[in-house]
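Chain letters run A, B, ... following the sequence lines, proteins first, then strands; residues in each count from 1.
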2 protein chains.
Amino acid sequence: MAPKQKGNVDIVAVAKAAKVSPSTVSRTFNHPDLVSPATRKKITRAVQKLGYVRNRAAQMMHGKRSGTIGLVVPTINHAIFAEVIQAFSDAIDQAGFTLLLASHGYDLEREYEMVRKLMEHRVDGVALIGLEHSEATSRLIAQQETPAMAIWNYAEDSELPCVGADNRLAGRMAAEHLLELGHRDIGLIFPDTRGNDRAQYRLSSVMETLQENGVSVPEYRMSEAPYSVAQAKLAAISLLSARARPTALLCGNDVIAQGALYGAQSRGLRVPEDVSIIGIGDFKGSADIEPGLTTIRIPAETIGSLAGKRFTAYITSDTREPFRLRCGLESIVRGTTGSAA
Amino acid sequence: MAPKQKGNVDIVAVAKAAKVSPSTVSRTFNHPDLVSPATRKKITRAVQKLGYVRNRAAQMMHGKRSGTIGLVVPTINHAIFAEVIQAFSDAIDQAGFTLLLASHGYDLEREYEMVRKLMEHRVDGVALIGLEHSEATSRLIAQQETPAMAIWNYAEDSELPCVGADNRLAGRMAAEHLLELGHRDIGLIFPDTRGNDRAQYRLSSVMETLQENGVSVPEYRMSEAPYSVAQAKLAAISLLSARARPTALLCGNDVIAQGALYGAQSRGLRVPEDVSIIGIGDFKGSADIEPGLTTIRIPAETIGSLAGKRFTAYITSDTREPFRLRCGLESIVRGTTGSAA
DNA sequence: AATAGTATTGCAAACGTTTTCATTAATCTT
DNA sequence: AAGATTAATGAAAACGTTTGCAATACTATT
């Protein structure tokens, strides 16, 4: 269809074909109003004919933005991050940016490597998940003066601009719901909190809230489970096999809660009559399982979308006004919690 | 810590600080063996001190690879693609590449836009999901001579190199499993097949296989559901509310199957005694629900990982030997299927 | 019809690298 | 100890754009 010699269709090839200078071609793209309609048409035709595609790398060398934003997540393969990534991607796409994505598997050392890698590509900004990052990462960001932001967690004193929810509050809300229902003997299943400030905040505020209300959680009521339904199920079974079992299970996230639910069911326990279960997150699907999972809703899509919009605005503005947005949480009471016996 | 004037730490700043020429600095990175250890040390120190980060865009202008690979998916927010993306990302990262990710929401027009956008960034290769793409997309890829591949679907006569599973076979296997159990009255719940060759292949081969065995599926036994547990649940309820209900439900993917399972349960039907349900995919979580979902396993992680490895090898080789890799399917029989009454 | 604008275009420098080629310094040969 | 290699470095051109400035060709004004 559009036959051309080699892969070297550049702006000067277009210029030649249209019988104008390269400058004019460039202007046609960047300041169309400065070039006469007739010339513009010639150039457009040449572009079509040769199949020219602009080269952002070359543009970038003139102080233009690269048009890319880096996002570094712990893992992609995780319902909740997938939702955030999707929303973030769509939002920045709207503003003409492309997403450079990297994951680090909850390893803050690797996170640094990834940020560095993204910076070699001269991303116009880099977004990280959570507020806890290595010293090296912060230094790198400051040094390179790359716009950066944190997604997912909100804290009023965060170093980076952030858009997210208050995970401490999430933990508090979950605990309070259980307390209100009269539960005093509560089991906890959380993921490893190292390098995971979301989980850490949730867990510590849960403990705090319970303590404030005179409820203490002994060591044997706590279990650790990674992000896996199967393993959470095992953890729940172990917790529920104690002589005197807890009347409720508070889980660090919805996946764990789902596992806990299956675990309880497999032990022949009725939920919520015999044991109440609450999660945090409200993942896609949490509403649909039977019975519907009671949880604290963290609006992943809203967060991702808002973060993308706000970040691109931040990047393209000259003033670079820092921002901190807190997204609301919601107690979603479905079928897995009931009052304590 | 490392104070510097402005954001303009380039190779010549490093050269100046190390009292050598820019050429030598460049060589230290690209051909360390050509520069004396002493000089190398000086330069390394200067790099540290100034916090220099290499500029791949500038490198790219010398025919070097950009070090990025574009991946265009229908959606990120989907268990199965999330798994593929993660594996693909990890694999190309191993080879020193970074992922540029874009999604098109099952719209082939937008897919074209996304591919184009990625090409402006001069990705070293672009990977697409599935084998069905717009004419314009194919033309663009051919014209730009950008290495491209298809992920997820396998076909022996595919235009693009591909790594994936044979979705026709998947459909056949699901149908055969049901036939073997004696089912003759089967309901079908599939997503919209437009612009989704995976679903299309599955559906057509299911129909074919049933027909071959003398089983026909009337219109009223077919239902369409998007990728959503809730909507699939509704679709299943509608199918199962017929006067004479089907003895089995064959679902286009596991999410739909999960919804179908909940739907059946909510109608008070026992699975698999009253109705059998089979999915396709074996998503994470399909093993854990109660009862475990019978399904045809498509090894997403293997596919993503293999695709990443193979594609980077393809890109970096001079010969550019095309490839087509078929990943095996597996019938995973769990608890949701049983013999027909 | 001459003057002053204004609209359109081209020239050339610049961006941050890599690389070829040339130059200098160091080491080896005999 | 002189010539011949070899190792280490630098100078300058090149990559594909953008943009400030200068030049040209119009158009409007009087």
Side-chain angles (χ1 to χ4, degrees), chain A residues 4-44 46-47 50-68 119-124 144-146, chain B residues 4-44 46-47 50-68 119-124 144:
Chain A
K4 13 145 323 260
Q5 12 229 42
K6 272 286 173 189
N8 50 4
V9 188
D10 58 3
I11 209 172
V12 357
V14 174
K16 209 162 289 176
K19 298 191 202 307
V20 296
S21 76
S23 337
T24 308
V25 178
S26 172
R27 259 188 294 258
T28 312
F29 288 123
N30 300 301
H31 315 282
D33 45 309
L34 291 184
V35 34
S36 86
T39 318
R40 235 180 310 171
K41 192 162 294 175
K42 277 196 300 182
I43 291 174
T44 312
V47 166
L50 298 178
Y52 170 70
V53 175
R54 299 176 74 180
N55 185 335
R56 316 243 359 195
Q59 300 185 246
M60 218 211 63
M61 295 196 47
H62 289 265
K64 294 228 150 183
R65 276 187 272 276
S66 72
T68 57
M119 286 184 167
E120 292 191 355
H121 290 285
R122 293 295 188 270
V123 290
D124 296 328
Q144 295 302 119
E145 300 176 351
T146 304
Chain B
K4 14 145 320 260
Q5 15 228 41
K6 275 282 171 191
N8 50 5
V9 187
D10 59 3
I11 207 172
V12 355
V14 174
K16 208 161 290 175
K19 297 192 205 304
V20 295
S21 77
S23 336
T24 307
V25 178
S26 173
R27 256 188 298 259
T28 314
F29 288 123
N30 301 298
H31 314 283
D33 44 311
L34 291 185
V35 32
S36 85
T39 317
R40 234 180 311 172
K41 191 161 297 174
K42 274 195 302 182
I43 292 175
T44 312
V47 167
L50 298 179
Y52 170 70
V53 174
R54 299 177 73 180
N55 185 335
R56 318 248 349 197
Q59 299 185 246
M60 219 210 62
M61 296 197 43
H62 290 265
K64 293 229 151 186
R65 275 188 272 276
S66 72
T68 58
M119 285 182 168
E120 292 190 354
H121 289 286
R122 294 293 189 271
V123 289
D124 296 328
Q144 295 302 119

Peer 1: Heavy atoms under 4.0 Å is the rule here; annotate nucleotides 17-26 of chain D 5' to 3' with B where the base is hit, S where only the sugar-phosphate is, and - elsewhere.
Peer 2: BBBB------
Peer 1: Restricting to non-hydrogen atoms, name the atom on Y52(A) and the atom on V9(A) that form the minimum distance, rounded to 0.1 Å.
Peer 2: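 The pair with the smallest heavy-atom distance is CD1-O, 3.3 Å.
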Peer 1: Residues two or more places apart in sequence or in another chain: which of them pass side chain to side chain contact (heavy atoms under 4.5 Å, CB included) with M61(A)?
Peer 2: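 M61(A): side chain to side chain contact (heavy atoms under 4.5 Å, CB included) contacts with A58(B), M61(B).
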Peer 1: Could you tell me the separation between the CD1 atom of I11(B) and the CD1 atom of I43(B), rounded to the nearest 0.5 Å?
Peer 2: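 With rounding to 0.5 Å, CD1 (I11(B)) is 8.5 Å from CD1 (I43(B)).
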Peer 1: Quick one: side chain to side chain contact (heavy atoms under 4.5 Å, CB included) partners of K64(B), sequence neighbours excluded?
Peer 2: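 Partners of K64(B) under the side chain to side chain contact (heavy atoms under 4.5 Å, CB included) test: N30(B), Q59(B).
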Peer 1: If you compare all heavy atoms of A15(A) against all heavy atoms of S21(A), which two are closest, and at what distance to 0.1 Å?
Peer 2: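 In this case the closest contact between A15(A) and S21(A) is CB-C, 3.7 Å.
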Peer 1: How long is the span from the CD atom in E145(A) to the CG atom in N8(B), to the nearest 0.5 Å?
Peer 2: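 So the gap between those two atoms works out to 9.0 Å.
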Peer 1: Please determine, by modelled atom types, if S23(A) and S26(A) share a side-chain donor-acceptor pair under 3.5 angstrom.
Peer 2: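 No donor-acceptor contact under 3.5 Å links the two side chains.
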Peer 1: Atom CE of M60(B) to atom C1' of dA14(D): distance rounded to whole Å?
Peer 2: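 So the two atoms are 14 Å apart, to the nearest Å.
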Peer 1: Taking only residues two or more places apart in sequence or in another chain, which ones pass side chain to side chain contact (heavy atoms under 4.5 Å, CB included) with S36(B)?
Peer 2: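 In terms of side chain to side chain contact (heavy atoms under 4.5 Å, CB included), with neighbours along the sequence ignored, S36(B) is linked to A38(B), T39(B).
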Peer 1: I need the residues from residues 35-42 of chain A with at least one non-hydrogen atom less than 4.0 Å from DNA chain C; give them sorted by number, or say none.
Peer 2: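 Within this stretch, V35(A), S36(A), T39(A) sit under 4.0 Å of the strand.
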Peer 1: Taking the side chain as every heavy atom from C-beta outward, state whether P22(B) and V25(B) have any pair of such atoms under 4.5 Å apart.
Peer 2: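 Side chain of P22(B) against side chain of V25(B), heavy atoms only: no contact under 4.5 Å found.
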Peer 1: Answer whether the closest heavy-atom distance between the side chains of R122(B) and V53(A) falls below 4.5 Å.
Peer 2: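 R122(B) vs V53(A): side chains touch.
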Peer 1: Scan residues 24-40 of chain A for pairs that pass salt bridge (Lys or Arg N to Asp or Glu O under 4.0 Å), counting only residues two or more places apart or in two chains.
Peer 2: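 For residues 24-40 of chain A: none.
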Peer 1: Tell me every residue that passes side chain to side chain contact (heavy atoms under 4.5 Å, CB included) with D10(A), counting only those two or more places apart in sequence or in another chain.
Peer 2: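 For D10(A) the side chain to side chain contact (heavy atoms under 4.5 Å, CB included) partners, ignoring immediate neighbours, are V12(A), A13(A).
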Peer 1: With sequence neighbours left out, what residues match S66(B) under side-chain hydrogen bond (donor to acceptor under 3.5 Å, both in side chains)?
Peer 2: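 For S66(B) the side-chain hydrogen bond (donor to acceptor under 3.5 Å, both in side chains) partners, ignoring immediate neighbours, are T68(B), D124(B).
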Peer 1: At how many degrees, to 10°, do the end axes of the helix from dA1(C)-dT30(D) to dT30(C)-dA1(D) meet when each uses five pairs?
Peer 2: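 Rounded value for the end-axis angle: 40°.
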Peer 1: Could you name each residue pair satisfying salt bridge (Lys or Arg N to Asp or Glu O under 4.0 Å) that touches residues 54-63 of chain B, not counting sequence neighbours?
Peer 2: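 Residue pairs with at least one partner in residues 54-63 of chain B: E120(A)-R56(B).
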Peer 1: Reading DNA chain C in the 5' to 3' direction, which nucleotide is the first one with an atom under 4.0 Å from a heavy atom of chain A, and which is the last?
Peer 2: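 Here the contact window of chain A covers dT8(C) to dG16(C).
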Peer 1: What are the two closest heavy atoms between V47(A) and F29(A), and how far apart are they?
Peer 2: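 Scanning both residues, the minimum pair turns out to be CG2-CZ, 4.0 Å.
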Peer 1: Kindly give the atom pairs (protein nitrogen or oxygen, nucleotide nitrogen or oxygen) under 3.5 Å for nucleotides 5-7 of chain D.
Peer 2:
none

